[in-house]
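Below: one structure, written as structure tokens.
Lettering follows sequence order; numbering is per chain, from 1.
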Amino acid sequence: MSTNKKVNVIACSGMGKVYGLMAREAVLHTVQRLCPEQAKTLCLAYIVTGDEEALAGFDNQPCITVDGCPAMCSAKSVAAMGGDIKEELKVLDVMKLHKGAKPGTATELTPEGWAITEEIAAKIAERVQEIQKEER
Amino acid sequence: MAEELKIGVVSCSGEDCAGGTISRLATRKMIDEIRPDNTVTICLPLFIAGGQEERMFAKEYPTIAVDGCKQACAKRATEKYSGKVNSVVFVSEIIGDEFAESPALSTRDLTTEHQAMVDKVAAEITKQFDEIMNAKGKDSGARKSSSCSCGCDC
Ligand code: SF4
Ligand code: SF4
């Protein structure tokens, strides 16, 4: 078990496109299954409110943002609220490696969409481990 | 011909609470199945990451906020950056605080019980949706293509 505090991994959860769902599911997979002892997530909408209590959730720990599209909502919101971003991941960068893939819809992923989402989660988990090492 | 009325449904989509998952899925159900032709939504963080056009959302559309828990982030963020909402659906009041505040659910872990929660929340959104439609003197069964107002080009 890690003795460091947890890295914050924050998804955009975009409503209108499958890539927002992939960002959300990749983050949930990372914090709940791949590295629950080293990473946690926060509600992005809570951060967006700018509440002191919500921003305290950053816990002075590094953040990884995961965004569905070039609007980069998670990265921009976390930066605007003073989060310490160590990595900005984009679902579209991974999708470029899977030209022609049909990942599903903003409501539901296909088996192909889940496989790509797990690939994104593995990337996030790798960065979580690296960031924890850097912070020691 | 008069423009058909569209109603905005803004989900908190909280990533840290099961209520956020139910909020997101119930909002998607409005868009996909229940009122596809008259529902518009927006990715909530676009109020910060987007521009003036995104921040006009609640001024342009009568808006229902769908919040996973009593923090009411969708309502408060919409009102802080965009405009007053017409009503709020509190998911936690429908499915219970304890479950709403438990860790977020992946869509692949949804059970029939969770699906029933989504249906209940969607029914409450629909009720508020139709009240707004009726108050505006429009027929929510009118047809026009649905849309997401997130502004992203992906
Ligand atoms: S980054 Fe794109 S998909 Fe994600 S919330 Fe923003 S507009 Fe929506
Ligand atoms: S209303 Fe609750 S579940 Fe939704 S984003 Fe805020 S804290 Fe998270």
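The closest donor-acceptor contact from the side chain of E25(A) to the backbone of S106(B) lies at 3.5 Å or more, if one exists at all.
If you measure heavy-atom distances from L44(A) to chain B, the contacts under 4.5 Å come from both the backbone and the side chain. Only the side chain of M81(A) comes within less than 4.5 Å of a heavy atom in chain B; its backbone stays farther off. Using a 4.5 Å cut-off between heavy atoms, A80(A) touches chain B through its side chain atoms alone.
The CG atom of L46(B) lies 7.0 Å from the SG atom of C69(A); values are rounded to the nearest 0.5 Å. Atom OG1 of T27(B) and atom CE of M15(A) lie 4.5 Å apart (nearest 0.5 Å). Distance CG/D51(A) to SG/C73(B): 7.0 Å, rounded to 0.5 Å. To the nearest 0.5 angstrom, K29(B) atom NZ is 10.0 Å from T107(A) atom OG1. Note that CZ of R76(B) and OH of Y46(A) are 6.5 Å apart. Values are rounded to the nearest 0.5 Å. Interatomic distance, CG of D32(B) versus CD of E108(A), reported as 9.5 Å (0.5 Å rounding).
The minimum heavy-atom distance linking W114(A) with T107(B) is given by the pair CZ2-OG1, 3.4 Å. Here the closest heavy-atom approach between residue A49(B) and residue A71(A) is recorded as CB-O, 3.8 Å. The two atoms that bring C43(B) and G14(A) nearest to each other are SG-CA, 3.5 Å, heavy atoms only. Taking every heavy atom of both residues into account, E15(B) and L42(A) meet most closely at OE1-O, 3.5 Å.
E54(B) has no carboxylate O lying under 4.0 Å from a charged side-chain N of K76(A), or vice versa, which leaves the two without a salt bridge. Ionic pairing of K40(A) and D16(B) is not present here: no N-O contact between side-chain nitrogen and carboxylate oxygen is shorter than 4.0 angstrom.
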Problem set entry | Test side-chain contact (heavy atoms from CB on, under 4.5 Å) applied to L21(A) and R28(B), step by step | CA-CA 11 Å; L21(A) 177 59; R28(B) 286 294 328 166; over 6 Å; no
